[in-house]
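See below for the structure under consideration.
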2 protein chains.
Amino acid sequence: MRSEAGSLDRTVEDRLAEVGQRYTAHRRSLIAALAAAKRPLAIADLLTVLRGVPQSSAYRNLGVLEEAGIVRRVITEGDYARFELDEGLTAHHHHLVCENCGRVEDVEIPGTFERSIDRTLERLARDAGFATVGHRLDLIGRCRSCA
Amino acid sequence: MRSEAGSLDRTVEDRLAEVGQRYTAHRRSLIAALAAAKRPLAIADLLTVLRGVPQSSAYRNLGVLEEAGIVRRVITEGDYARFELDEGLTAHHHHLVCENCGRVEDVEIPGTFERSIDRTLERLARDAGFATVGHRLDLIGRCRSCA
DNA sequence: CTTCCTGCAAAAGTTTTGCATTAAC
DNA sequence: GTTAATGCAAAACTTTTGCAGGAAG
């Protein structure tokens, strides 16, 4: 988990280099936008903030960043995908999802609780013949505006 | 939570009637297929089982059933939606999601653990100004075939 | 100078919708 | 008889891809 902007850029650049990819201007602005948001952003959000980036470039770059393990595609309720920085670059967290407007916010839960979840799920997965990689815990509810 | 087939049909019929909808043959077979599966089914799965039902009818009927609170749309990793009976008609459960092949299976977790999750999330949601409706806890991993 | 990135336009894939017809109540 | 459901085809929408030109190392 790195918090300074310079450190983040260096990490991203290194990971891209490992897979023979460059850290271009488009990619820098995508990363900056995702790092500044406290929630996963949809392509539409990104295109608004990053005026001048064609949709196809945004998709293609997010695809590259995803394969490099830098960005994660978040599937929620809506019709389109949202993107956030991978957990290796941020803190492990969960999402508050508004069932009415689709808004998604990040939220962290206590570490002890997190470990308790992991232990329980690990056992359940083993019983079911699954190799656990992680979990996804979202809160579904109504945000302030939609309550 | 009702388990007998007859009781399920009656419940579905009643709920549809409440919103001025009919319990037709297509809808009966959709419900039967969903009730028989131990996992959320994609449209493609349903169309295979229910030979002769046009895709548009399946989508339209699932939409009606969803609005009536009978069926729930499950968003996982893949590109298309999956459907399952609403929790009012089955038991509360979670999903094992294979990150490789997209397979999804139902899994239940201990009641005490479930309640502990609910308590913790309720508090977090309140702090964030969210009215909690429920939670979604999925295990992400690799299934037997993909391990 | 070779490899990767960009931008446009076109294609692909899933889901929704308009409309005339048929079935349910 | 009214109202809702069906089936077909067409549309809408998000996401992916082909390709020619441009930038980066």
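Note on naming: letters A, B, ... go to the chains in the order of the sequence lines (proteins, then strands), and numbering restarts at 1 for each one.
- Salt bridge annotation for B/E105-B/R39: absent, with no cationic side-chain nitrogen under 4.0 angstrom from a carboxylate oxygen.
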**Asked** Taking it one step at a time, do A/I117 and A/I109 satisfy side-chain contact (heavy atoms from CB on, under 4.5 Å)?
**Response** CA-CA 11 Å; A/I117 290 177; A/I109 71 177; 4.0 Å; yes
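- Closest-nucleotide positions on DNA chain C for B/R22 and A/T24 were compared, and the one nearer the 5' end corresponds to A/T24.
- With contacts defined as side-chain heavy-atom distances shorter than 4.5 Å, the pair B/L62/B/I43 qualifies.
- Which of C/dC4, C/dT6, C/dT16 sits closest to the side chain of B/S56 comes down to C/dT16.
- Taking five base pairs at each end of the helix from C/dC1-D/dG25 to C/dC25-D/dG1, the local helix axes there meet at an angle of 30°, rounded to 10°.
- For the atom pair CZ (B/F83) and CG (B/L34), the distance works out to 9.0 Å, reported to the nearest 0.5 Å.
- Contact check, A/S57 against C/dG7: a side-chain N or O comes under 4.0 Å of OP1 or OP2.
- By the 4.0 Å N-to-carboxylate-O rule, B/D106 lies too far from B/K38 to be salt-bridged with it.
- No side-chain heavy atom of A/V104 sits less than 4.5 Å from a side-chain heavy atom of A/D138.
- Nearest approach of A/A58 to A/L47, heavy atoms of both residues: CB-CD2, 3.9 Å.
- Contact footprint of chain A on DNA chain D: nucleotides with an atom under 4.0 Å from a non-hydrogen protein atom, first to last in 5' to 3' order, D/dT14 to D/dA24.
- At the heavy-atom level, B/G63 lies nowhere under 4.0 Å from the strands shown.
- In this model, the phosphate group of C/dG7 is approached by a side-chain N or O of A/H26 to a distance below 4.0 Å at OP1 or OP2.
- Taking atom CG of residue B/L16 and atom P of nucleotide C/dA24, one finds them 15 Å apart after rounding to whole Å.
- Residue-to-nucleotide proximity on DNA chain C shows that, of A/V19 and B/D79, the 5′-proximal contact is made by A/V19.
- Note on B/Y59: a base of the nucleic acid sits closer than 4.0 angstrom, heavy atoms only.
- A ring-centre distance under 6.0 Å is not found for B/H135 and A/H94.
- In this structure, B/R82 atom CZ and C/dT15 atom C1' are separated by 16 Å, rounded to whole Å.
- Here the P atom of nucleotide C/dT6 and the CZ atom of A/R60 are 9 Å apart, to the nearest Å.
- The nearest whole Å value for the distance from the CD atom in B/E13 to the C1' atom in C/dC25 is 12 Å.
- Within 4.0 Å (heavy atoms only), B/R27 reaches sugar-phosphate atoms of the nucleic acid but no base atom.
- In this structure, A/Q55 places its CD atom 17 Å from P of C/dA11, rounding to the nearest Å.
- The phosphate of C/dT15 (OP1 or OP2) has no side-chain N or O of B/R73 nearer than 4.0 angstrom.
- Using a cut-off of 4.0 Å between Lys/Arg side-chain N and Asp/Glu carboxylate O, A/E77 and B/R136 are scored as salt-bridged.
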